[in-house]
> 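So that we are looking at the same thing, I have put the structure below in structure tokens.
Since we're looking at a predicted model, the values are computed, not measured. Note that ligands are numbered from 1 as they come in the structure, with each ligand's atoms numbered from 1 the same way.
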Amino acid sequence: MTKPGLPAPFIMWFRNDLRLSDNPALHAAAAGGAPLICLYVHEKDEEGLRPPQGASLWWLHGSLASLNRSLAAEGGRLHVLAGDAGEILDALVEASSACGVHWNRRYDPSGREIDARIKARLRDKGIAVESFNGSLLHEPWKVTTRAGSPFQVFTPYWKEALRRGDPPMSLPAPTRMSFADVPRAVAKRFAYRFELDADPQKPDWAASMRGLWKRSEEGAHERLHAFLDEDLKGYADNRDRLDRQSTSRLSPFLRFGNVSIRQVWHALAAREHAGSLKTTGRDIEKFKSELGWREFSYSLLYHYPSLHRDNIHPSFDGMPWRQDKAALEAWRHGRTGYPVVDAAMRELWATGSMHNRARMIVGSFLVKHLLVDWREGESWFWDTLVDADPANNPASWQWVAGTGADAAPYFRILNPVLQGKKFDPDGAYVKRWLPELERLPAAAVHHPWTAGAAVLDGAGIRLGDDYPRPIVDHDTARRRALASWKAMRGRDKEEL
Ligand code: FAD
């Protein structure tokens, strides 16, 4: 209960918006002048919610810690609880006599359902509940075709989104905030017991990631400005190059809201207007369109409730995916014998991230060369990516597998050798992640099995011992994938 004479507190429920600046829900809550209870809830893996796990949980932990430090600098703190969000909010509102709750929206169907239930129940009790757009340029229900249906194809989607104009200007961090605590009984009942796998000790699998990422609002802005000032130049040409570090590496920051999409958008626009970008329209448009793919993925998540479970194109329900544990394990751990695939999977393990072109190559390899269900890949990425995103991950996997909206057709099978040669011509990327191939000449690095005995000897490699032979032959695998796809389509036609 609020002590007599003290103003009723207001609850700010943080979710995928772990920042103080340009946080519309926080901004509005602070503007009301009530003391804030700043809350984060580790929700259970129930009702179809997909809480972060593995690498993205590690990111979340770092971000919560840094948000807590930012709040502490203002005299407050972040209260981290665990359990059912509805129960927690009921108990917290009751025990603290809070007069309102704010949050920024999420777009996964389970999260939306939970939020709608909480909103209705609290409003019935006379509590002021409001939700805001804190993570997208445009709400997904606003960017639709003239007939009001969701876009299935990216280009018209993005044209329509751009036609709607720039998003509102970013908001500053609140200048004056006062705070209240979670009453002790509630804190005790829903205490969050720190999970060991979130900040791993034995083994410390996050050791190699720790030095790479600054999981905070400050880290996000440093990355954003470094990208705009240094790396955006040449982005359109370099984006696909595996051996060049030319992309923004903003994805985990956007995923957890260490920075908002509006801040990215307006930082770019401000430099463009000031003429301080070192680059031309092409790089800018290309970068904006990648942000557009993120928006498009969120639109798909919003409109296709089981994006990570069900094929958008149900004809793929009859695809004869193979159950091949050994092949899946080889793929997961970078032991397929195709250097560009293996380098990418080892990059993922070491850094919690992977270049976009590499994600396309390893995705195609899994669902086409190995004929393994895309959901296996999606779930491995969900565990190992720091940016594991409820929209981008399943939408991109469905794109790669040919099962999704505006997807790469299944019959377009990426050849890992040619992809390696094209996007990593000197083999620098491969050699970085596969040091055992370090001494191979560039001409052989993407297909060591064709190198002669003298070349392999000279590079100190015994194929099969130091580095695996290919687990599938490209041409055979390609024929098998196409035959399976054709058989699936044949069955599909018979059923019509
Ligand atoms: P940049 O090239 O700098 O792009 C800027 C931002 O645009 C990114 O940070 C991201 O938010 C967005 N973006 C870029 N490409 C895409 C795309 N194809 N789809 C949607 N948004 C995009 N991205 C994730 O954020 N989380 C995921 O879980 C994820 N899983 C993927 C799985 C597969 C199989 C594939 C092919 C792609 C996946 N992507 C995912 C998309 C993309 O690979 C990453 O967003 C990108 O590599 C992140 O690097 P960056 O921040 O340097 O990107």
> When the ring planes of His102 and Phe132 are compared, do they come out parallel, tilted or perpendicular, using 30° and 60° as the limits?
perpendicular
> Relative to the heavy atoms of Arg239, which atoms of ligand 1 are at a distance of less than 4.0 Å?
2 (O), 14 (C), 15 (N)
> Between the candidates Val264, Val386, Asp389, Asp231, which shows the shortest non-hydrogen contact distance to atom 28 (O) of ligand 1?
Asp389
> Hey, what's the ring geometry for Trp141 with Tyr107, parallel, tilted or perpendicular (30° and 60° as the breaks)?
tilted
> Given Tyr235, Phe253, Phe287, Tyr298, which has its nearest heavy atom closest to atom 1 (P) of ligand 1?
Tyr235
> Which of the atoms in ligand 1, numbered in the order shown and given with their element, are less than 4.0 Å from a heavy-atom of Ala388?
28 (O)
> Tell me whether Glu43 contacts the main-chain N or O of Gly83 through its side chain, where contact means a donor paired with an acceptor under 3.5 Å.
no
> Would you kindly specify which portion of Leu254 sits under 4.0 Å from ligand 1, judged on non-hydrogen atoms: side chain, backbone, both or neither?
side chain
> Atom 45 (O) of ligand 1: which protein heavy atom is closest, and how many Å away?
Ser251 CB, 4.0 Å
> What's the shortest distance from atom 3 (O) of ligand 1 to any protein heavy atom, and which residue and atom give it?
Ser248 OG, 2.6 Å
> Among Met360, Arg294, Arg255, which one puts a heavy atom closest to atom 11 (O) of ligand 1?
Arg294
> Report yes or no: do Asp22 and Ser260 form a side-chain donor-acceptor pair below 3.5 Å?
yes
> Could you identify the single nearest non-hydrogen protein atom to atom 13 (N) of ligand 1 and state the distance to 0.1 Å?
Glu290 O, 3.4 Å
> Give the contacting part of Phe227 toward ligand 1: side chain, backbone, both or neither, where contact means a heavy-atom distance below 4.0 Å.
neither
> Quick one: salt bridge (charged side-chain N to carboxylate O under 4.0 Å, His left out) partners of Asp229, sequence neighbours excluded?
Arg271
> Checking the N or O distance criterion of under 3.5 Å, is ligand 1 in contact with Thr247?
yes
> What is the closest protein heavy atom to atom 6 (C) of ligand 1, and at what distance does it sit?
Leu291 CD2, 3.7 Å
> Check the pair Trp331 / Phe365 against ring-ring contact (aromatic ring centres under 6.0 Å, His included), numbers first and verdict last.
CA-CA 9 Å; Trp331 178 82; Phe365 190 84; 8.6 Å; no
> What atoms in ligand 1 come closer than 4.0 Å to a heavy atom of Arg249?
50 (P), 51 (O), 52 (O)
> Would you check if the side chain of Asp317 reaches a backbone N or O of Ser315 as a donor-acceptor pair within less than 3.5 Å?
no
> Can you name the closest pair of heavy atoms from Leu49 and Asp45 and give their distance?
O-OD1, 2.9 Å
> Can you tell me which residue and heavy atom of the protein come closest to atom 17 (C) of ligand 1, and the distance to 0.1 Å?
Trp293 CB, 3.8 Å
> I need the nearest protein heavy-atom contact for atom 26 (N) of ligand 1: residue, atom name and distance, please.
Asp387 O, 2.9 Å
> With under 30° as parallel and over 60° as perpendicular, where do the rings of Trp293 and Phe296 fit, or are they tilted in between?
perpendicular
> Ignoring angles and geometry beyond distance, decide whether Asn356 reaches within less than 3.5 Å of ligand 1 through its nitrogen or oxygen atoms.
yes
> On the 0 to 90° scale, with breaks at 30° and 60°, tag the Trp59-Phe256 ring pair as parallel, tilted or perpendicular.
parallel
> How would you list, by chain and number, every residue that makes a ring pair (Phe, Tyr, Trp, His ring centres under 6.0 Å) with Tyr235, sequence neighbours excluded?
Phe227, Phe287
> In the protein, what heavy atom is nearest to atom 39 (N) of ligand 1, and what distance, to one decimal place, separates them?
Arg359 NH1, 3.6 Å
> Less than 6.0 Å separating the ring centroids of His61 and His42?
yes
> Which atoms of ligand 1 sit under 4.0 Å from any heavy atom of Leu250?
9 (O), 51 (O)
> Is Trp397 close to ligand 1, meaning an N/O of one under 3.5 Å from an N/O of the other?
no
> Counting non-hydrogen protein atoms only, what is the nearest one to atom 33 (C) of ligand 1? Give residue, atom name and distance.
Ser396 CB, 3.4 Å
